[in-house]
Asker: 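One structure is given below, represented as structure tokens, and several questions about it will come after.
Sequence lines set the chain letters: A, B, ... in the order given, protein chains first and strands last, and positions in each chain run from 1. This one's a predicted model, so the numbers in the text were calculated from it and none came from an experiment.
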Number of protein chains: 2
Amino acid sequence: MSEGTAVRNTRQRSAVSALLAEMEGFHSAQDLHAMLRERGERVGLTTVYRTLQGLADAGEIDVMRPPGGEHLYRRCSEGHHHHLVCRACGRTVEVAGPAVETWADRVAAQHGYTDVSHTLEIFGTCPTCTP
Amino acid sequence: MSEGTAVRNTRQRSAVSALLAEMEGFHSAQDLHAMLRERGERVGLTTVYRTLQGLADAGEIDVMRPPGGEHLYRRCSEGHHHHLVCRACGRTVEVAGPAVETWADRVAAQHGYTDVSHTLEIFGTCPTCTP
DNA sequence: GCGACAACGACAATGATTGTCAAAAACGCA
DNA sequence: TGCGTTTTTGACAATCATTGTCGTTGTCGC
């Protein structure tokens, strides 16, 4: 459904996608733009932003909005999951919580809410960063 | 520990606090500033921001960062809880999920993370806004 | 009442993100 | 393969919430 989009395959889109594929942690748009430049890829910052937005809309990457910072993007495993992030070093573990999903849906339904979604992030200090 | 703060009781701080006490939903700093002006209270925008930050740090109000918008502040019930927010009209229900808290802590502990906190927001369309 | 010191506030600065629009590239089709 | 249409690009300007600055003002302890 809704195939009027006709997304075109461009060098820039591939470059961003490829970069995300080999990156491990979360990175900001400006970060990714800088990395592409260092590689010699000629991609505009505006394009990086738009490409990331597109990928996020398509569900191919995850977006995190840390308090007081820029948006961070990351290529993640498919399906719904959440993140356990170290405050100090940023190390991230993907976690799945089926019980949480169920709980959220049930609570929303109890209040008559429909078309439910949710956001959940867990922050902590990872073993390496614990003194 | 750390009681060198010596928070002073000022007219402006009281005004912001009082306004929040009678407001129901979430409001942005700019919103609150405009309301104070309409009331004849003379409070600077910078001060509103700083006061809200202070209250948030003290845990007296909650902050929500909706995607693509400004920060929203609200005076909430005490203790830890989450929000079920209508995407259309902004109506908010406070929900408590002890099981979620436990789950988050357990998951974090399993990965060796300490000093754990988390953020959780549920979005949906409330009964009134459902066609 | 007085002095020290935090809080205020008008304004400037910051900085990520988005809008603009002419030029370039990609795709469908013959 | 060549051509026209349509999307995409990207340099730059614009936006706008939030934060920094710093002289002034008001509070609080004494």
Asker: Linking directly or through intermediates, with side-chain heavy atoms under 4.5 Å: list the remaining ILVMFWY members grouped with V107(B), chain and number order.
Answerer: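 Besides V107(B), the hydrophobic cluster comprises L84(A), V93(A), V95(A), V100(A), W103(A), V107(A), Y113(A), V116(A), L120(A), I122(A), L84(B), V93(B), V95(B), V100(B), W103(B), Y113(B), V116(B), L120(B), I122(B), listed by chain and residue number.
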Asker: If I take atom CG in residue L72(B) and atom C1' in nucleotide dT18(D), what distance separates them, rounded to the nearest angstrom?
Answerer: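 L72(B) atom CG is separated from dT18(D) atom C1' by 14 Å.
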Asker: Could you tell me the separation between the CG atom of L32(A) and the C1' atom of dA16(C), rounded to a whole number of Å?
Answerer: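 Roughly 14 Å, once rounded to whole Å.
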Asker: Of the candidate nucleotides dT17(C), dT18(D), dG9(C), which contains the atom at the shortest distance from the side chain of A29(B)?
Answerer: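 In terms of side-chain proximity for A29(B), the closest of dT17(C), dT18(D), dG9(C) is dT18(D).
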Asker: Can you list everything that forms a side-chain contact (heavy atoms from CB on, under 4.5 Å) with S14(B)? Sequence neighbours excluded, please.
Answerer: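 So S14(B) forms a side-chain contact (heavy atoms from CB on, under 4.5 Å) with N9(B).
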Asker: Measure CD/Q12(A) against C1'/dT7(D) and give the value in whole Å, please.
Answerer: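 That distance rounds to 12 Å.
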Asker: How many whole angstroms separate atom CG of L55(A) from atom C1' of dT8(D)?
Answerer: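 Value for this atom pair: 14 Å.
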Asker: Just how far, in rounded Å, is C1' of dT9(D) from CD of Q53(A)?
Answerer: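 Q53(A) atom CD is separated from dT9(D) atom C1' by 15 Å.
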Asker: Once each nucleotide of nucleotides 24-30 of chain D is scored for protein heavy atoms under 4.0 Å, what B/S/- sequence comes out, 5' to 3'?
Answerer: --BBS--
Asker: Could you work out, with side-chain contact (heavy atoms from CB on, under 4.5 Å) as the rule, every residue matching Y49(A), not counting sequence neighbours?
Answerer: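 Expected list: A29(A), Q30(A), L45(A).
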Asker: Can you check whether H71(A) has a side-chain N or O nearer than 4.0 Å to OP1 or OP2 of dA16(C)?
Answerer: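 No, because none of the side-chain N or O atoms of H71(A) sits under 4.0 Å from OP1 or OP2 of dA16(C).
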Asker: In the hydrophobic clustering (ILVMFWY, side-chain contacts below 4.5 Å, transitive), which residues join F26(A), or is it alone?
Answerer: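 Under the 4.5 Å side-chain rule, F26(A) groups with M64(A), L72(A), V85(A), F123(A).
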Asker: Under the salt bridge (charged side-chain N to carboxylate O under 4.0 Å, His left out) test, which residues partner D105(A), sequence neighbours left out?
Answerer: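 D105(A) satisfies salt bridge (charged side-chain N to carboxylate O under 4.0 Å, His left out) with no other residue.
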Asker: List the atom of L20(A), the atom of R75(A), and the distance in Å for their closest heavy-atom pair.
Answerer: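 Closest approach of L20(A) to R75(A), heavy atoms only: O-CB, 3.7 Å.
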Asker: Please report the distance, rounded to the nearest Å, between CG in L52(A) and P in dT17(C).
Answerer: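 Distance, rounded to whole Å: 10 Å.
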Asker: Return the set of residues passing ring-ring contact (aromatic ring centres under 6.0 Å, His included) with H118(A) (not counting sequence neighbours), or none when no residue passes.
Answerer: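 Only H80(A), H82(A) meet the ring-ring contact (aromatic ring centres under 6.0 Å, His included) criterion with H118(A).
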Asker: Can you list the residues that meet the side-chain hydrogen bond (donor to acceptor under 3.5 Å, both in side chains) rule with R74(B), with sequence neighbours excluded?
Answerer: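 For R74(B) there are no side-chain hydrogen bond (donor to acceptor under 3.5 Å, both in side chains) partners, ignoring immediate neighbours.
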Asker: Find the distance Y49(B):OH to dT21(D):P and express it as a whole number of Å.
Answerer: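 To the nearest whole Å, that distance equals 18 Å.
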Asker: Using side-chain contact (heavy atoms from CB on, under 4.5 Å) as the criterion, list what pairs up with A56(A), not counting sequence neighbours.
Answerer: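 side-chain contact (heavy atoms from CB on, under 4.5 Å) check on A56(A) returns I61(A), V63(A).
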Asker: Please list, for nucleotides 12-16 of chain D, all pairs of protein and nucleotide N/O atoms separated by less than 3.5 Å.
Answerer:
residue	atom	partner	partner atom	Å
dC12(D)	N4	T46(A)	OG1	3.1

Asker: Over the length of the helix from dG1(C)-dC30(D) to dA30(C)-dT1(D), how much do the five-pair end axes diverge, rounded to 10 degrees?
Answerer: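 The end-segment axes of the helix from dG1(C)-dC30(D) to dA30(C)-dT1(D) are tilted 50° relative to each other.
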Asker: What is the separation between atom CZ on R50(B) and atom C1' on dA10(C), rounded to the nearest whole Å?
Answerer: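 For the pair R50(B) CZ and dA10(C) C1', the rounded distance is 11 Å.
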Asker: Under the side-chain contact (heavy atoms from CB on, under 4.5 Å) rule, collect the residues that match up with R39(A), sequence neighbours excluded.
Answerer: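 Listed in chain order: L19(A), E22(A), E41(A).
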Asker: So which heavy atom on R8(A) is nearest to which on R13(A), and how close?
Answerer: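 Distance-wise, the nearest heavy atoms are O-NE, 3.5 Å.
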